[in-house]
Amino acid sequence: MTTVRIPAGWPATEEEARAVQDELRGRVILDEPGPPPGAGTVTGVDVAYDDERGVVAAAAVALDAATLGQVAEATAVGEVSFPYVPGLLAFREIPTVLAALAALDRDPGLVVCDGYGLAHPRRFGLACHLGVLTGLPTIGVAKNPFTSTYEEPAAPRGSSSPLLSGGERVGRALRTRAGVKPVFVSVGHRTGIDNACAHTLALTPRYRIPDTTRRADALCRLALRNAVGRPGAPG
DNA sequence: GCGACAG
DNA sequence: ATCTTGTCGC
């Protein structure tokens, strides 16, 4: 497997990265309902890092939306393209994630990101960025509210409450398991919040985190071990 | 200025 | 994200 290099012209400073976000934000499409849940393909993407070696591994795992059975997977390894800066996560993950998606054997359908879409300080999180660059429908499902605030949703699974940022509703805190901390769903690109939440619930029949993200997480960690050190790698 | 801060 | 043992519970 080849290593994904940092693209030419990739932002090198926080200022440049924020300028890119400001420029691309206008290309987000928010007036499409997006793929309805229960049919088609849903793909999860995630990345793992070895910052000491400057290596990042990405994975894309495609599931049949109706059965949640896995239908395809792909990985890519690359150079870490940006430091971790809250609000600029996309610049750290996107080049390698794009390569993993490109290596997938079929149309990804809806892409589920581990992070934010609109629920972002500048309304342009990872899911929006990835959507604009690929043209694919995307959503963000995060484990923490970051700069947003929310009222605790009711205890039953499926309950939700608005995610607020600067007085705007930027997503929903969605309870995927009764009595357990909710996840934070926001729209990325070409998808509506109702479908985003419906997909999230369909992807969490058993765990708080979507199956797509869970499988992509396991796969990218494996890919990282395969690429660098090897406590636990076959071969 | 200080603290908070997706992964 | 990542560093990390045991342990409580379904």
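Chain identifiers are assigned alphabetically (A, B, ...) following the order of the sequence lines, protein sequences preceding nucleic acid strands; residue numbering begins at 1 within each chain. The model shown is predicted, which means the values in this text are computed figures rather than measured ones.
The pair A:Glu168-A:Arg123 meets the salt-bridge criterion, since a charged nitrogen lies less than 4.0 angstrom from a carboxylate oxygen. A:Arg214 and A:Asp114 are not joined by a salt bridge, as no carboxylate oxygen comes within less than 4.0 angstrom of a charged side-chain nitrogen. Look at A:Asp217 and A:Arg221 and you find a salt bridge, because one of the NZ, NE, NH1 or NH2 atoms lies within 4.0 Å of a carboxylate O, short of that distance.
OP1 or OP2 of C:dT2 has not a single side-chain nitrogen or oxygen of A:Tyr49 nearer than 4.0 Å. Contact annotation: A:Asn144 does not reach the phosphate of B:dC5 (side-chain N/O to OP1 or OP2, under 4.0 Å).
Of the candidate nucleotides B:dG7, B:dC5, C:dA1, B:dC5 has the atom lying nearest to any side-chain atom of A:Phe146.
Across the protein-nucleic acid pair, A:Tyr84 atom OH and B:dA4 atom C1' stand 10 Å apart, rounded to whole Å. Separating the CG atom of A:Leu88 from the P atom of B:dA6 is a distance of 12 Å, rounded to the nearest angstrom. Nucleotide B:dG7 holds its P atom 12 Å from the CZ atom of A:Arg221, rounded to whole Å. One interatomic measurement links the two molecules: CG of A:Asp46 to P of C:dA1, which rounds to 7 Å at whole-angstrom precision. At whole-Å resolution of the value, OH in A:Tyr150 and P in B:dC5 are 12 Å apart. As a whole-Å value, the separation of A:Lys143 NZ from B:dG7 P is 4 Å. Look at CZ on A:Arg92: it is 14 Å from C1' on B:dC5, rounded to the nearest Å. Per the geometry, CG belonging to A:Leu174 stands 20 Å off P belonging to B:dA6, to the nearest Å.
The ring of A:Tyr116 has its center no closer than 6.0 angstrom to the ring center of A:Phe124. Here A:His120 and A:Phe146 keep their ring centres 6.0 angstrom or further from each other.
Contact annotation for A:Asp51: no contact, since no heavy-atom pair falls under 4.0 Å across all strands. Backbone-only contact: A:Ala48 has heavy atoms under 4.0 Å from sugar-phosphate atoms and none from a base. Counting any heavy atom pair closer than 4.0 Å across all strands shown, A:Gly140 reaches no nucleic acid atom.
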Wobble G-U and Watson-Crick pairs count when both distances are under 3.5 Å; given that, what is the 5' to 3' dot-bracket string of DNA chain C, with | for pairing to other strands? ..........
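Between A:Ala155 and A:Arg175, the closest heavy-atom pair is O-CG, 3.7 Å. Listed here is the closest heavy atom pair of A:Val183 and A:Ile209: CG1-CD1, 4.2 Å.
Here A:Phe184 does not lie in a stacked arrangement on the base of B:dA6, lacking the combination of planes under 30° and ring centres under 5.5 Å apart. By the 5.5 Å and 30° criteria, A:Tyr116 is stacked with the base of B:dA6.
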Report, as a single string ordered 5' to 3', how protein heavy atoms within less than 4.0 Å touch nucleotides 4-10 of chain C: B base, S sugar-phosphate only, - not at all. -------
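The CG atom of A:Asn226 lies 12.5 Å from the SG atom of A:Cys220; values are rounded to the nearest 0.5 Å.
In this structure, A:Phe91 and A:Phe82 have tilted ring planes: the angle between them lies in the 30° to 60° band.
DNA chain B forms no stem, meaning no run of 3 or more consecutive Watson-Crick or G-U wobble pairs whose two key distances fall under 3.5 Å.
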Walk me through whether A:Tyr49 and A:Tyr84 qualify under ring pair (Phe, Tyr, Trp, His ring centres under 6.0 Å). CA-CA 11 Å; A:Tyr49 303 94; A:Tyr84 172 65; 8.7 Å; no
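Using a 3.5 Å distance cut-off with no hydrogens or angles, the side chains of A:Thr204 and A:Arg157 do pair a donor with an acceptor.
Linking Ile, Leu, Val, Met, Phe, Trp and Tyr whenever their side-chain heavy atoms come within less than 4.5 Å leaves A:Val170 and A:Leu24 in two separate clusters.
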